[in-house]
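Have a look at the structure below, then the notes.
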Amino acid sequence: MKLLSDILYKVRLEEISGSTHSAISSVTFDSRKVKKDSVFVAIKGDANDGHEFIAKAIENGAIAVVCEELPKERKAEVTYVKVKNSHEALGFIACNYFDNPSAKLKLVGVTGTNGKTTTVTLLFNLFRSLGYTAGLLSTVQNKINNTVIPATHTTPDALTLNELLHTMTEQGCEYAFMEVSSHAIVQHRVTGISFAGAAFSNITHDHLDYHKTFDEYIKAKKGLFDQLPSEAFALTNVDDKNGKIMLQNCKASKHSYSLKTVADFKCKIIENHLNGLLLNIDNKEVWVKLIGSFNAYNILAVYATAVLLKQDKTNVLTALSNLNSVEGRFQYFKSKGGVIGIIDYAHTPDALKNVLETIKDIRTGNEQVITLVGCGGDRDTTKRPIMAGIACELSNKIILTSDNPRSEDPEEILNQMQKGVSPVDVKKTLRISDRKEAIRTACTLAKSGDIILIAGKGHEKYQEIKGVKHDFDDYKLFKETISAIEV
């Protein structure tokens, strides 16, 4: 059992009322989870302010409260710790409470708009195939060696994150690979975490509903690199114009990768097919099962990261050739009738463009490309017409439909997307807000050889409508629908 003083190490303290030598039983920022001798951290969130639940936390047994604003009425038996930023304080407290597990691992964080899930998953699978014990923290799932733990966020809250990392160390993991979202960086979920290295994939239009400006979004991503120690490595994609910004004032050793320009790690696409890529990496040819130039970047980032983690280059390239694509990332299925369905998580303009341009590169030109696309509710609205415009530009037929409408009216989302459809493209565009019906329509329109892209939800097994998550699996639904139509 730890003392309160132990878990306050590195926390920026402004005022303390009471003793810090009390033994604590747990730490939480949810007053409902408080038990006897807990530490309650009052967090100001978007929807709720934890300061309003301090009294409830004490009633439930909290022995100490960490907050930004001290309550007017205080109990003598409770210790009150005032801090400048509760989010930041929670980051350090979580690390201290779980004995700084990240320092006992070689932990690599991957950030960027697109490619995070694929990169960290490939890294995890690569190191497992090389014989190492490893952990994974991703949008799709968390894993500790062969044990799967469901994921609820791209990057978990600070307490959940450190608890997972602690479990990884207890189970002997040597390496861990995690997605680091811009939200997580700004909200201090990775504050106090010790990274052995970090990689940047790219940055494009996304999350402006949260960050408000693109500059703030870039600044958020850069925050991961700003916290790296000198003994860590920083790897960036210099084909992205903002790649070098990540390395500015970074203390870590700096490294770059590229398909187009001079860099420490280089890759050239020799062949690009529906069943894989032939690449030249470090003057050695390697065949990988992933598809598209965007995946060439992901593969190169994985290779570079592995080399920076002191792995043998030949062993890495050999292992890479055996790895499979990640669920919901350019995941394709060819029906008995010859219709190809591609399921992809593309939910940003750049990701959608990358997927459609990849399809353009590998198609013969005789088939039609039918794109089904939607935009999530309660998220960045400015990208909606842009995504519809990209779909129209690179597809023969387009179906605008629902993604996860959440609290918004699906028809209003489609109205905003429709603004990106030019008059010349109106005839080839359909609006079907019911996603299941939209998939069925796409399957009905398709002939042998045609390609149907179902974009936006990828690996997700649900559709969120008015706060309720309904069972919904794009890949499964497409397979069932196209099979039934072709009978």
Side-chain angles (χ1 to χ4, degrees), residues 46-47 114 116-117 138-142 148 150-154 179 181 183 206-207 209-210 326-333 341-349 351-352 355-356 370-381 383-388 390-391 395 397-418 420 429-446 452-485:
D46 294 330
N114 304 312
K116 297 189 296 297
T117 301
S138 79
T139 301
V140 177
Q141 62 183 8
N142 302 319
V148 177
T152 57
H153 294 79
T154 298
E179 292 185 54
S181 68
H183 291 69
D206 200 17
H207 299 308
D209 56 314
Y210 181 82
V326 178
E327 182 186 13
R329 270 64 177 177
F330 213 94
Q331 183 179 11
Y332 77 95
F333 172 81
I342 296 173
I343 313 300
D344 196 89
Y345 190 54
H347 60 285
T348 67
L352 182 63
V355 172
L356 284 168
I370 303 170
T371 296
L372 185 151
V373 64
C375 291
D378 303 331
R379 297 294 187 269
D380 185 358
T381 59
K383 67 183 181 182
R384 293 173 181 174
I386 299 173
M387 290 183 68
I390 290 169
S395 311
K397 292 180 181 177
I398 304 94
I399 302 176
L400 304 181
T401 189
S402 290
D403 189 286
N404 291 312
R406 300 185 176 89
S407 70
E408 286 194 65
D409 178 359
E411 291 296 338
E412 182 53 36
I413 295 175
L414 295 186
N415 286 341
Q416 293 176 23
M417 293 186 73
Q418 189 82 42
T429 304
L430 296 174
R431 280 180 53 150
I432 305 173
S433 61
D434 184 319
R435 193 175 181 90
K436 184 176 181 179
E437 180 61 25
I439 292 174
R440 193 194 69 78
T441 300
C443 291
T444 302
L445 292 172
I452 299 174
L453 171 63
I454 303 175
K457 289 174 54 57
H459 65 281
E460 292 177 350
K461 301 296 188 291
Y462 64 85
Q463 185 177 35
E464 186 176 345
I465 303 171
K466 301 297 181 183
V468 178
K469 290 186 176 181
H470 304 269
D471 289 342
F472 203 102
D473 184 331
D474 279 352
Y475 185 75
K476 180 182 177 183
L477 186 59
F478 168 75
K479 286 180 65 176
E480 291 175 349
T481 304
I482 194 69
S483 297
I485 289 174

Looking at [atom1] of [X] and [atom2] of [Y], how far apart are the two atoms once the value is rounded to the nearest 0.5 Å?
X    : Y    : atom1 : atom2 : value
L453 : Y332 : CG    : OH    : 15.0 Å
I432 : I439 : CD1   : CD1   : 10.5 Å
T348 : R379 : OG1   : CZ    : 14.0 Å
H459 : D473 : NE2   : CG    : 10.5 Å
K436 : Q463 : NZ    : CD    : 11.5 Å
T371 : L356 : OG1   : CG    : 4.5 Å

Answer yes or no: is there a donor N or O on one side and an acceptor on the other, between the side chain of [X] and the main chain of [Y], under 3.5 Å?
X    : Y    : answer
S395 : I370 : no
S402 : S433 : yes
D403 : C375 : no
K116 : S138 : no
R384 : Q418 : no
E464 : N404 : no
Q331 : I342 : no

Can you give me the closest heavy-atom contact between [X] and [Y], atom names plus distance?
X    : Y    : result
I452 : A446 : CD1-CB, 3.8 Å
T139 : A151 : O-CB, 3.7 Å
L400 : A388 : CD2-CB, 4.2 Å
F478 : I343 : CB-CD1, 4.5 Å
P405 : I465 : CG-CG1, 3.8 Å

side-chain contact (heavy atoms from CB on, under 4.5 Å) assessment of Y345 paired with V140: CA-CA 11 Å; Y345 190 54; V140 177; over 6 Å; no
More than 12 heavy atoms from other groups under 6.0 Å of NZ on K476: no
Reference residue D344; test side-chain contact (heavy atoms from CB on, under 4.5 Å); the match among V355, L352, D474: V355
From CA spacing to verdict: side-chain contact (heavy atoms from CB on, under 4.5 Å), E179, T117: CA-CA 7 Å; E179 292 185 54; T117 301; 2.6 Å; yes
Worked verdict on M417 versus R431 for side-chain contact (heavy atoms from CB on, under 4.5 Å): CA-CA 10 Å; M417 293 186 73; R431 280 180 53 150; over 6 Å; no
Under 3.5 Å side-chain donor-acceptor pair for N114 and R329: no
Pi-cation contact, Y462 with K457 (under 6.0 Å, within 45°): yes
L372 vs R435 side-chain heavy atoms within contact, under 4.5 Å: yes
Within-4.5 Å side-chain heavy-atom neighbours: K461 and D471: no
Stepwise salt bridge (Lys or Arg N to Asp or Glu O under 4.0 Å) test for K469 and E460: CA-CA 11 Å; K469 290 186 176 181; E460 292 177 350; over 6 Å; no
